Student: 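Pasting a structure here, questions to come.
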Amino acid sequence: MSQFLLRFAPSPNGLLHKGHAYSALLNAALAKKYNADLLIRMEDIDTIRCTQELKQQTLQDLKWLQIPYKQPVLWQSSRFHAYKNALNYLAKMGLVYKAYLTRKQITQFIKSQEEQGISWPSDPDGAPLYPGDDAILSKSQLQKLSDEKAPYALRLNMRRARQMLNSPLYWQELTPPKTSVDLPAFEQVDTIKTDPSAWGDMVLARKDTPTSYHLSVVVDDAAQGITHVVRGQDLYHATSIHRLLQHLLHLPAPIYHHHPLIKTSAGEKLSKSAGHKSLKELREQGLTRQELLQSMPSAITNNL
Ligand code: GLU
């Protein structure tokens, strides 16, 4: 049995593009080099946007890419009970609260702060930090919202969570390879200090979606025994949150590698929403797997 376990974890809420292919192929190349198993986890917690068609297409793309993975595929939509348990555990520690502010209220609050010359901080994804309900709503307004069963998000009380840490938290990150010919080496790791406060009171779940990406990814990386999380650079800062949740939930921490993102020739990040071509479209236009591989860094082609 292999000592290492990797995973590729797409969200089938849209079609995969070249960036996903790079991530999946890099995982496959590393799995081969280190004789590790590679698992597929479908992050389909958004049960409305993750349609049957997109889920099937994602599996089809992985087949076309010839990603050798170990069955069975884990579907997050079948694991809501596990995320609920984790959420309840955090709630029992007094770390979760119901947050009622609407987007409009938050925007208005920030505008009023800025009018007073206070620049309001944003999280690493660019979203403004949650101001806290009591910054805007009175106790009776909050009570009314609760009585009316108004929609809410369940948020982490970051201040309290930080108080539970006796010392700074760190994560292990594979040292980036020096050239595009090399894969990262499992033997070379850097220690990175987390900065979870940068995220403020982040969302753990919503009234209608009983979990969030951050909560479920941490629960499942532990449940599946993942040793190395290899994913895009866009999730680098999210690792601070993941490490904090692992600490609070007493879960093991995998080693991370955040790989560079494949960009367009204009330097843009590939995205479904910006209309960049999906693998399906590229394939329908005649792209072969071999041609796709040739457009990838040679570390991948040399190691598949
Ligand atoms: N599901 C996430 C995505 O498609 C990736 C999660 C992860 O690798 O941690 O962006």
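Just the heavy atoms: all of them, side chains too, but no hydrogens, waters or symmetry mates, feed the values below. Here the structure is a predicted model, which is why all the values come from computation and not from measurement. Remember, it's 1-based here, ligands and their atoms both numbered in the order they're listed.
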Student: I need the atoms of ligand 1 closer than 4.0 Å to a non-hydrogen atom of Arg7, numbered in the order shown.
Tutor: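 Those atoms are 7 (C), 8 (O), 9 (O).
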Student: Answer side chain, backbone, both or neither: which part of Phe8 comes under 4.0 Å from ligand 1, heavy atoms only.
Tutor: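 Neither part.
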Student: Is the distance between the ring centroids of His257 and His228 under 6.0 Å?
Tutor: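 Centroid distance His257-His228: not below 6.0 Å, so no.
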Student: With atoms numbered from 1 as shown, which atoms in ligand 1 lie under 4.0 angstrom from a non-hydrogen atom of Tyr213?
Tutor: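 It comes down to these atoms of ligand 1: 6 (C), 7 (C), 9 (O).
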Student: For ligand 1, is there an N or O atom under 3.5 Å from any N or O atom of His20?
Tutor: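 No, there is no polar N/O contact under 3.5 Å.
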Student: Which of the numbered atoms in ligand 1 are under 4.0 angstrom from any heavy atom belonging to Glu43?
Tutor: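 Going through ligand 1 atom by atom, the ones under 4.0 Å from Glu43 are 1 (N), 2 (C), 5 (C), 6 (C).
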Student: Is there a donor-acceptor contact under 3.5 Å from the side chain of Glu173 to the main chain of His258?
Tutor: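 Checking the backbone N and O of His258 against the side chain of Glu173, a donor-acceptor pair under 3.5 Å is found.
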Student: Any atoms of ligand 1 less than 4.0 Å from a non-hydrogen atom of Val217? List them with their elements.
Tutor: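 Answer, ordered by atom number: 9 (O).
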Student: With a 4.0 Å cut-off on N to O distance, would you call Glu53 and Lys55 a salt bridge?
Tutor: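 No, no charged N to carboxylate O under 4.0 Å.
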Student: Do Arg7 and Gln224 have side-chain N/O donor and acceptor atoms under 3.5 Å apart?
Tutor: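 Not at all, the side chains of Arg7 and Gln224 share no donor-acceptor pair under 3.5 Å.
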Student: For a quick check under 3.5 Å, do Ser112 and Glu115 share a side-chain donor-acceptor pair by atom type?
Tutor: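 Per modelled atom types, Ser112 and Glu115 side chains form no pair under 3.5 Å.
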Student: For this output row, return yes or no: ring centroids of Trp171 and Tyr236 closer than 6.0 angstrom.
Tutor: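 Ring centres of Tyr236 and Trp171 closer than 6.0 Å.
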Student: Is the closest N or O pair between Val229 and ligand 1 shorter than 3.5 Å?
Tutor: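 Val229 vs ligand 1: no N/O contact under 3.5 Å.
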